[in-house]
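Okay, so here's the structure we're looking at.
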Amino acid sequence: MTGRGRPRRAKSPDTKSANSKTIPEEVSLQNGTAKERKPKAQKKEESPLQDRTTEHFIVEISRQQSATTDNKKAPVRCTKAKKKTEQTAEEIRKTQPETPEDPLKATKVKRCVGKKATSPEEAAEETTKTQPETPKDPLKSIKVKGCVGKARSPGHITETPKETPRACVPPVRCGDREHPVLHTTLENLKIKRDERSDAAEVVNKIVKAIVEHLKEKSQSFKEIEPPLRTGSYYENLKISNPDEFDVMLPVPVDRVNVAPFGDDGAFYSVELKRGKSPLEKFQKTGGTLSASEMLKEFRDEVKKSVKQFTEWEVTKKKKGCPAVTLLTKYLPIPISLDIVLSIVVQSSWPPFTKEGIKIDGWLGTKVKQQYKRLPYYLVPKYEGMGTVECDGVLAKDVWRVSFSHVEKLMLLNHGSEKTCCEREGERCCRKDCLKLLKHLLSLLKEEDSSLTKFCSYHVKTTLLHACCARTKDADWRASSLSRCFLLLLGDFVEHLERGVLLNFFIPTQNLLSGPGLKKCRSLAQRIEAERDNGFPIFK
DNA sequence: CCAGGCTAAACAAG
DNA sequence: CTTGTTTAGCCTGG
């Protein structure tokens with residue numbers, strides 16, 4: 001039915017232009033924060049990110065060639081005919097026989113292009129409504145692509161076609177024959193293109209509206225920088241459903257004094273140095289920039305800006321949580337969107353990061369230096385009771401450091417060779433391993449409510465540490481998925497057994513101190529049971 | 001501010 | 001399996 005030439009998805013032109021092509025806000029971020037760090041002169045060969053190769057010539061030439069050939073086949077556009085998503089609830093709400101359990105799910109007209117009905121619920125949906133509690137949100141990031149010319153080396157010389165299965169098949173060690181279930185599981189975790197498209201449309205629309213409102217209608221937040229799309233969706237790590245989005249809205253500050261709050265280096269109190277700032281009003285008598293007051297007003301402004309969007313609701317405030325969470329249920333897949341207030345600090349990273357981000361062997365020292373020249377972010381997050389006081393500062397007025405922008409950069413550019421996972425390069429399984437482990441954790445959380453304190457950030461951190469331990473792309477060959485996944489699983493279990501998983505950027509912070517050793521060990525046992533039985537939970 | 005190019009990933013076909 | 005197409009996201013240059 002679905003012929004290749006037929007438009008499987010069509011959108012009305014206005015929708016299109018409004019959402020997909022350009023997100024204008026992006027541009028001003030560059031102007032605002034990034035330009036200084038990314039001098040124009042730093043091109044191609046000169047970029048520190050580039051010089052791990054000696055093939056610049058070939059690379060550059062081949063780039064140009066392929067660009068010109070590509071051009072020819074470009075603009076074959078489909079005709080757009082889709083109804084806008086501005087539909088009201090009633091319009092959208094057609095009965096969805098496939099999923100009777102959810103009355104809000106809907107079948108859309110545009111989807112009727114002969115696609116066979118997908119099964120009720122693929123494999124297992126992850127429902128990563130990850131707990132707000134402890135360290136969920138350090139998953140945000142900035143964009144700032146490392147460098148300009150990506151290498152696509154045609155001369156990428158592979159002495160042997162290594163990935164092809166050998167003629168003689170060793171009994172045990174051959175790739176992942178041991179665990180074919182991992183591959184099918186991964187397959188089921190993929191996000192459907194149409195669902196992604198629908199979700200992106202509604203999310204982009206509301207984010208745009210919020211940003212416009214804050215810039216034009218609010219005093220305190222009129223200087224916000226373009227949204228930083230962070231978290232697993234924007235790292236291409238989202239599994240199962242496009243149902244969770246994280247967007248950080250950064251407020252620039254000129255100069256600030258930042259002082260540790262507590263002893264693990266993750267939380268800070270902030271003082272504005274200069275007078276002139278829209279943020280003055282959030283200062284307490286001691287000069288502290290009050291996270292809670294700023295978040296309160298931010299939340300009010302976000303509420304105002306989504307008021308007219310009846311399909312979105314604002315969820316209740318959660319203690320210590322830096323996000324204003326929006327929900328929409330007017331799509332087959334309900335979406336939660338975290339709008340996270342943050343302040344951008346341009347100066348050098350806190351001293352507590354000194355021993356962190358040990359990526360020298362994996363991504364290289366120059367990449368690390370580049371990352372460390374980026375700003376860092378602070379989000380209005382605290383732990384425990386907001387009334388706890390320390391040096392005259394209340395916990396609810398402190399900020400937690402966030403390096404989500406760097407996390408995103410590392411995950412999108414994760415190879416020790418820069419051609420890793422590119423068309424001409426070797427494919428690796430780092431992200432697949434992470435997806436699988438995330439999935440495993442969320443399945444375990446579904447069946448055991450005592451695991452709420454564990455979250456996908458624990459898994460992500462485990463992967464980052466693993467990448468520093470097994471630094472070469474050859475350690476993560478796509479053909480060795482099972483072995484790599486089992487090693488990663490082993491890492492995770494080790495952390496759990498010891499009850500120690502250090503924040504990748506702030507090694508003085510133990511991310512497992514929240515859950516506690518007892519819960520850690522019980523999770524470790526549960527995971528080992530799955531492993532030793534061939535992952536029945538995936539079946 | 002926008003148009004256009006590029007990439008990763010999903011998806012379709014051979 | 002390989003190859004090509006489509007799409008959202010991202011970046012750049014005008």
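Protein chains get the first letters and strands the later ones, always in sequence-line order, with residue 1 at the start of each.
- In terms of phosphate contacts, A:R196 brings no side-chain nitrogen or oxygen within less than 4.0 Å of OP1 or OP2 of B:dA10.
- For A:K217, the side-chain contact (heavy atoms from CB on, under 4.5 Å) test picks out A:H213, with sequence neighbours left out.
- With rounding to whole Å, A:K238 atom NZ is found 14 Å from C:dG9 atom P.
- Residue A:S197 places none of its side-chain N or O atoms closer than 4.0 Å to OP1 or OP2 of C:dT7.
- Rounded to whole Å, the distance from CG on A:D432 to P on B:dA9 is 8 Å.
- Look at A:N236 and you won't find any side-chain N or O under 4.0 angstrom from OP1 or OP2 of C:dA8.
- Applying the 4.0 Å criterion to OP1 and OP2 of C:dC10, one finds that A:Y234 has every side-chain N and O outside that range.
- When distances are taken from the side chain of A:R229 to each of B:dA9, C:dG9, C:dC10, the shortest belongs to C:dC10.
- A:E422 has its CD atom 11 Å from the C1' atom of B:dC6, to the nearest Å.
- Residues passing the side-chain hydrogen bond (donor to acceptor under 3.5 Å, both in side chains) test with A:E313: none are found, sequence neighbours excluded.
- Taking A:K431 as the reference, nothing meets the salt bridge (Lys or Arg N to Asp or Glu O under 4.0 Å) condition, with sequence neighbours excluded.
- Taking five base pairs at each end of the helix from B:dC1-C:dG14 to B:dG14-C:dC1 and finding the rotation axis that steps the C1' atoms of four pairs onto the next four gives two axes whose angle is 20°, to the nearest 10°.
- A donor-acceptor distance shorter than 3.5 angstrom exists from the side chain of A:N204 to the backbone of A:A200, with no hydrogens or angles considered.
- Summarising the geometry, the separation between NZ on A:K192 and C1' on B:dA9 is reported as 13 Å, rounded to the nearest angstrom.
- Between C:dC10 and A:K408, a contact under 4.0 Å exists linking OP1 or OP2 to a side-chain N or O.
- With rounding to whole Å, A:L189 atom CG is found 13 Å from B:dC11 atom P.
- To the nearest angstrom, C1' of C:dA8 lies 13 Å from CG of A:D194.
- Between the side chain of A:S480 and the backbone N or O of A:W476, no donor-acceptor pair lies under 3.5 Å.
- Proximity of A:K431 to the phosphate of B:dA8: no side-chain N or O atom is located under 4.0 Å from OP1 or OP2.
- A:R193 places its CZ atom 8 Å from the C1' atom of C:dT5, with the value rounded to the nearest Å.
- Residues passing the salt bridge (Lys or Arg N to Asp or Glu O under 4.0 Å) test with A:D491 are A:R470, sequence neighbours excluded.
- Counting to the nearest Å, the C1' atom of B:dA9 and the NZ atom of A:K435 are 8 Å from each other.
- Remark: A:K372 engages no residue in a side-chain hydrogen bond (donor to acceptor under 3.5 Å, both in side chains) (not counting sequence neighbours).
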